[in-house]
Amino acid sequence: FTEDEAQEFVQRVKRFLGLAEGDPVELVAEPKIDGLSVALRYEAGRLAQGATRGDGVVGEDVTANLRTLKDVPERLHGSRIPATLEVRGEVFMTKADFLKLNQDQEKDSKPPFANPRNAAAGSLRQLDPRITASRRLSAFFYAEGELSEPIAGTQWDFLEALRELGFRTNPIAELCPSIEAALAVCRKLAETRARLAYDIDGVVYKVNDWALQRRLGFVSRAPRWALAHKFAAERAMTRLNDIVIQVGRTGTLTPVAELEPVTVGGVVVSRATLHNEDEIARKDVRVGDTVIVQRAGDVIPQIVGIVESKRPKGAQPFAFPAKCPVCGSHAVREPGEVARRCTGGLVCAAQAVERLRHFVSRNAFDIEGLGRKHIEAFFEAGLLKNPAGIFKLHERRAELEGREGWGPQSTGNLMRAIEERRK
DNA sequence: GTATGGAGAGGTTCGGTTCT
DNA sequence: AGAACCGAACCTCTCCATAC
C-alpha cells in the first residue's frame, strides 16, 4: 500500500536471489483491473474451456458465456500455436457500458446494478449466453496457466506473445528498469485512474524474468515475485448503532457492529465484524460512536477507527457479555486465547445449528439445498438435532412436505441430494 | 393456467484472524 | 508457515405462494 512496502518488496526479492543492492531487477507494472478473473483453456488452438476461479483452484464452467466476449478469441492466431495453452485474465465492464446497462435496466424497470464489477460477475453467470452477449463485457489477459511449450522467457515478451495469439492485453502496462520507475507508473495511474474507461484498484508489479520468477517461487498461494500495490480505499463516516454477538460452530462469540447504512465504494454497508473482545478494546469502539469504515481489498467492510470528537457524552466502553446470548451458558476465555467461548456445547442452539451448517457445507458433506434458514427451522421444529439426523430426514418426509415453503419439488430435491451423499 | 414476488441457497469478490 | 475459516454485499437461480 505504501511506497516503502514496494521498496521492501524489491529488497526481499534481491536478498532471496542473492543479488547486490545495486543490481537491477526489471519489473512489469500492470494496472490491477477491478473485475473477475477467468481462466481459458485452448487445445490445438481452439477454445476448449473457460472458467471463473473463485478460490484459485476450480471455478464455475462458464465457457458458453465467455465465448460471447469479443475479447475472447475462438481460435488462436499466428504460426506458433502451442498444443495446449491456459491463460488467465480479467473480465470487466467499462464504466460507459455499465452506465448504459443501468439506463436500460431502468427503462425495463429492473433494479440497477451496484457497480461495474458486480454487473460483470452477474452477467457472466447467466444461464442464457444470449443475455451475456448483450451485456458488453471486456477482458484483458495477463498470465499463463498450463503451457505445453514455452512461449516466452519474460512477462513482457509473454504479453507480446499473447497479442500475437489474438488476445487483448492492457496497453498501459509498462516495462520498468527499476522499482522507482514502477512507482512512477503507479503515481501516474493514481492521478489518471478517474479518466480511464474502467475501474482499477491498484497496480501489480511483477519480476519480468521468468527464470527469476521460478527461483522465487510461492509462499503458500502468493507469489514471491509479484506485489499488488493497492490504492487507498474509499472511506466513509457513519454511526455505530449497536454491537451484536454471534455464536459460531465452536462456541466462539464474535462481535459484529451494526452500522447506520452508508455508501462506501459503490455499495451500502450496514455491518462489519469486530473480530473479538481485544479488537473492540484496541479501537475503543463504543455504541453510539461515529466510526470510519472502508472496504478492505475493496470488498469486506472494516472499521478503521473512531472519531473521538464526535463521541456522545456518557458513551460507555463495550461490556463483553460473560454469558452466551443464545443459550445463557457461561462464556469463558481460556488463558492465551483471544476468543470467548460459550460452554454450552450441544445444548447451545447456535452451536448445534452451526455444526449442522458445517456438516452440509461444500467442504464437508456438500449437501445441496440445506442452507442456514432451513437448518434453523428444522432444528427449531425438532426435525433435526445433529448431523446423523440428516440421514433420517426421509423418515419424516410427509411432515417436511407439509411445512410452509416446501413442496414436492423442493422436498424431492433435498431427499435426492442427501441420498447421493449416503454412500 | 400464467405472471409476479419473495425467500432461500449458493457462488463470487477479498482480507484478517486463528488454528494446526 | 500454511491452511482453514469467517465475515459482508451483491447477483443469479430455483422453488413456492399468491394474484389474476
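Reminder, nothing fancy here: chain letters follow the sequence lines and each chain counts from 1.
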Problem - CA sep, side-chain torsions, deciding dist, call: A/Q155, A/E30, side-chain hydrogen bond (donor to acceptor under 3.5 Å, both in side chains) - result: CA-CA 11 Å; A/Q155 174 69 10; A/E30 299 174 46; 2.9 Å; yes
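- A close approach under 4.0 Å does not occur between any side-chain nitrogen or oxygen of A/H275 and OP1 or OP2 of C/dC6.
- If you find the closest nucleotide of DNA chain B to A/H374 and to A/E90, the one lying nearer the 5' end belongs to A/H374.
- In this structure, A/L370 places its CG atom 8 Å from P of B/dG10, rounding to the nearest Å.
- OP1 and OP2 of B/dC14 both lie 4.0 Å or more from every side-chain N or O belonging to A/K230.
- Checked for salt-bridge contact, A/K14 and A/E21 miss the test: no charged N lies under 4.0 Å from a carboxylate O.
- Ring pair A/F378/A/H374 is parallel by interplanar angle, where below 30° counts as parallel and above 60° as perpendicular.
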Give every pair of a protein N or O atom and an N or O atom of nucleotides 4-6 of chain B that lie under 3.5 Å apart, one pair per line with the distance.
none

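- Using a 4.0 Å heavy-atom cutoff across all strands shown, A/I375 reaches no nucleic acid atom at all.
- Distance CG (A/L400) to P (B/dG8): 15 Å, rounded to an integer number of Å.
- A donor-acceptor pair under 3.5 Å links the side-chain atoms of A/K95 to the main chain of A/A194, judged by distance alone.
- Two residues, A/A339 and A/L36, neighbour DNA chain B, and the one matched to the more 5' nucleotide by heavy-atom proximity is A/L36.
- A distance of 12.0 Å separates CD of A/E308 from OG1 of A/T290, quoted to the nearest 0.5 Å.
- No contact: A/R282 has no heavy atom under 4.0 Å from any strand.
- Under a 3.5 Å cut-off, the side chain of A/R340 and the backbone N or O of A/L253 do not form any donor-acceptor pair.
- For the OP1/OP2 pair of C/dC6 and a distance below 4.0 Å, the side-chain nitrogens and oxygens of A/T273 include no atom meeting the criterion.
- To the nearest angstrom, C1' of B/dG15 lies 13 Å from CD of A/E279.
- Side-chain nitrogen and oxygen atoms of A/Q246 include at least one within less than 4.0 Å of the OP1 or OP2 phosphate oxygen of C/dG7.
- A/L101 has its side chain out of reach of A/R136: every pair of non-hydrogen atoms, C-beta onward, lies at least 4.5 Å apart.
- Contact between the side-chain N/O atoms of A/N413 and the OP1/OP2 oxygens of C/dC15 is found at a separation under 4.0 Å.
- What separates CG of A/D199 from P of B/dT13 is a distance of 17 Å, to the nearest Å.
- Put simply, A/N276 has a side-chain N or O that comes within less than 4.0 Å of OP1 or OP2 on B/dT18.
- Distance, A/I303 CD1 to C/dA8 C1': 12 Å, rounded to whole Å.
- Relative to the side chain of A/N118, the nucleotides C/dC10, C/dC15, B/dG16 differ in distance, and C/dC10 lies closest.
- Looking at which nucleotide of DNA chain C each of A/P301 and A/F113 is closest to, the 5′-most match is held by A/P301.
- If you take CG of A/L274 and P of B/dG16, they are 15 Å apart, rounded to a whole angstrom.
- When the P atom of B/dT13 is taken as reference, atom CD1 of A/I33 falls 16 Å away, rounded to whole Å.
- A/F320 places a side-chain heavy atom less than 4.5 Å from the side chain of A/I245.
- Phosphate contact (OP1/OP2 of B/dC19, side-chain N/O of A/R341, threshold under 4.0 Å): present.
- OP1 or OP2 of C/dA8 sits under 4.0 Å from a side-chain N or O of A/R271.
- Note: A/Y42 and A/F167 have perpendicular aromatic rings, judged against thresholds of 30 and 60 degrees for the angle between ring planes.
- Each of A/A119 and A/R372 has a nearest nucleotide on DNA chain C; the 5'-most of these lies closest to A/R372.
- In the set B/dG8, C/dC15, C/dT12, the nucleotide with an atom closest to the side chain of A/K373 is B/dG8.
- Rounded to 10°, the helix from B/dG1-C/dC20 to B/dT20-C/dA1 has 30° between the axis fitted to its first five pairs and the one fitted to its last five.
- Atom-to-atom, CG of A/D34 to C1' of B/dC14 comes out at 11 Å; the value is rounded to the nearest Å.
- Residue contacts shown for A/S270 are limited to sugar-phosphate atoms, with no base heavy atom under 4.0 Å away.
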Practice task
Evaluate the criterion side-chain hydrogen bond (donor to acceptor under 3.5 Å, both in side chains) for residue pair A/E260 and A/N241; output intermediate values, then yes/no.
Solution key: CA-CA 6 Å; A/E260 193 58 35; A/N241 290 330; 2.9 Å; yes
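- Side-chain contact between A/S138 and A/T94 is present, with heavy atoms from C-beta onward closer than 4.5 Å.
- The side chain of A/H358 contributes an N or O atom lying less than 4.0 Å from OP1 or OP2 of C/dC5.
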